[in-house]
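Note sheet for the following structure.
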Amino acid sequence: MRKTMMLAFATLLLTVCSSEQEKRSGPADPAASAETVNMLAGLKAATEKGIMFGHQDDLAYGIGWFYPGGESDVKKVTGDYPAVYGMDLGDIEHRAAVNLDAVPFEHMKTFVSEIWSRGGVITFSWHADNPLTGGDAWDVTSDKVVASVLPGGQNNDKFREWLDNLAEFLGSLRDESGVAIPVIFRPWHEHTGSWFWWGQRLCTDEEFISLWRYTFDYLCREKDLHNLLFAYSSSGNITGKAQYLERYPGDDYVDLVGFDYYQMPADGNKSFIEEVDRVTGIVSEVATEHGKIAALTEAGYEGIPDSKWWTGTLWPAVKNHNISYLLVWRNAHNKPGHFYAPWPGHLSEKDFIDFYNMPETLFQKELTEMGIYK
Ligand code: BMA
C-alpha cells in the first residue's frame, strides 16, 4: 500500500515537473497550434547554428521594382532569399486594401504562403493609426490614447473592431490544406522611445502592460488565433535589465525579446558596434533568464554609405551574443535613399556577399535544409 502511494506520488511529481518544464519551453499561448510549437522549437534550434538574416518587405518591392515586377533585392545580390521576412500591418485596422506603404494585403497573403512553403520565418509589425486623434502611429499629441482603448475607455469599442480586422487577416493566413501559418507578431514596438502613441512618455507602465495583455488575450482567447508567437521589442535606449523589463507584460505573454537599433550618420561605426553589443548583451541575458528567444528585431544604416558595413560593423556588433535573427528595414519604393539592404550595383554589394557566405549567418537555403517547422 505504502509502496503504491509512494509510486503514485513520484509519478505525480514527475508529471507536474514535466508540465512546468513544457510550459516554460513552449509558446506563451497555451493553446498554440502544433505548427507554432514547432516553429518556436525550430527557432531555438536555428539560434544554436547561427544568426538569421531578415529584411522588411523583401518580396514586395526594392530598388527600381515593385511587385510583381521583381522578386527580392537580397536574392538579386546573393542568389538566396533572407531567412526572415518582415511585413507591416499598418492600416489593416481600417480593412484597407493596401498597407501604409502601399503593399496590398492580398499580396502579403501570397508572400506568406510562399515563405511558408520554403520554410522561412514571417514577422509582422503593426504601425496602427492613433485611435483617439485620427492621426497616424507617429501622432504623439495626446498621452491619453492607450487609456482610451482599454476597457472603460471611450475608444474600447473602436479598438476591438480594429483588433477584429487584424485578427481576420492573421487568421486568414493558411496553407492549401487549411493549416494556419505560424508567424511572429511584434506589436507596440519601440515602446521605450516616445515617437509612437504607445511610447514611453505617452502612457504609464501599467497602461502599456494592459495594452499588451489586452491585445494578446483578445487575439488568442476571444478570436481563437493560435498561430502567433509574440515579440516584445524596445527601442535601443536600454540602460539595463531592470529598465528593459519595466513594461514587460510577463513570461505568459511573450515569446521573443528584442530591440531596434539604427546607425545614424552622426554616430561612428565604433559607437554602433559598442551600443548594439551592449544592448544585445542585456536582451540576451533577459532571454536566457526568462526562457525566451533574443533578436535584433530592426536594424540598419540608411543608404548603407559604407562599403564594409556588413562584415566590418554589423557583424562585430552582434557576434558576441546568441541571437536568433537580425532584420534590416525596407528598400523603399516611395522614399528615395531610404533603403537598408544592398541591391545590384550598390557599394556594399561585395561585402554583403561576404556576410552571406559567413558560416554564422543563415539565409533561406540553410533554413530550408534545417526545416525549422519539423
Ligand atoms: C518607417 C519608414 C516609413 C514607413 C514605416 C512603416 O521606418 O520606413 O517610411 O512607412 O517605417 O513601414
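Remember, it's 1-based here, ligands and their atoms both numbered in the order they're listed.
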Query raised in the report: Hey, are the side chains of Y81 and V74 touching, using non-hydrogen atoms and a 4.5 Å cut-off?
Result: no
Query raised in the report: More than 12 heavy atoms of other residues, nucleotides or ligands under 6.0 Å from NZ of K76: is that the case?
Result: yes
For ligand 1, list all ligand N or O to protein N or O distances below 3.5 Å, rounded to 0.1 Å.
{"from": "ligand 1", "atom 1": "7 (O)", "to": "W329", "atom 2": "NE1", "distance (Å)": "3.2"}
{"from": "ligand 1", "atom 1": "8 (O)", "to": "W329", "atom 2": "NE1", "distance (Å)": "3.0"}
{"from": "ligand 1", "atom 1": "8 (O)", "to": "R330", "atom 2": "NE", "distance (Å)": "2.8"}
{"from": "ligand 1", "atom 1": "8 (O)", "to": "H338", "atom 2": "NE2", "distance (Å)": "2.6"}
{"from": "ligand 1", "atom 1": "9 (O)", "to": "R330", "atom 2": "NH2", "distance (Å)": "2.8"}
{"from": "ligand 1", "atom 1": "9 (O)", "to": "K335", "atom 2": "NZ", "distance (Å)": "3.1"}
{"from": "ligand 1", "atom 1": "10 (O)", "to": "D101", "atom 2": "OD1", "distance (Å)": "2.6"}
{"from": "ligand 1", "atom 1": "11 (O)", "to": "W329", "atom 2": "NE1", "distance (Å)": "3.2"}
{"from": "ligand 1", "atom 1": "12 (O)", "to": "D101", "atom 2": "OD2", "distance (Å)": "2.6"}

Report task. Kindly indicate, with the supporting measurements, whether the criterion salt bridge (Lys or Arg N to Asp or Glu O under 4.0 Å) is fulfilled by R213 and D217. Result -> CA-CA 6 Å; R213 292 184 178 169; D217 288 338; over 6 Å; no
Requested in this report: In plain terms, say whether R160 and E222 are close enough for a salt bridge, that is, a side-chain N and a carboxylate O under 4.0 Å apart.
Outcome: yes
Query raised in the report: With W65, which residues qualify under ring-ring contact (aromatic ring centres under 6.0 Å, His included), at least two apart?
Result: none
Requested in this report: Please state whether the rings of W315 and F355 are parallel, tilted or perpendicular, taking 30° and 60° as the class boundaries.
Outcome: perpendicular
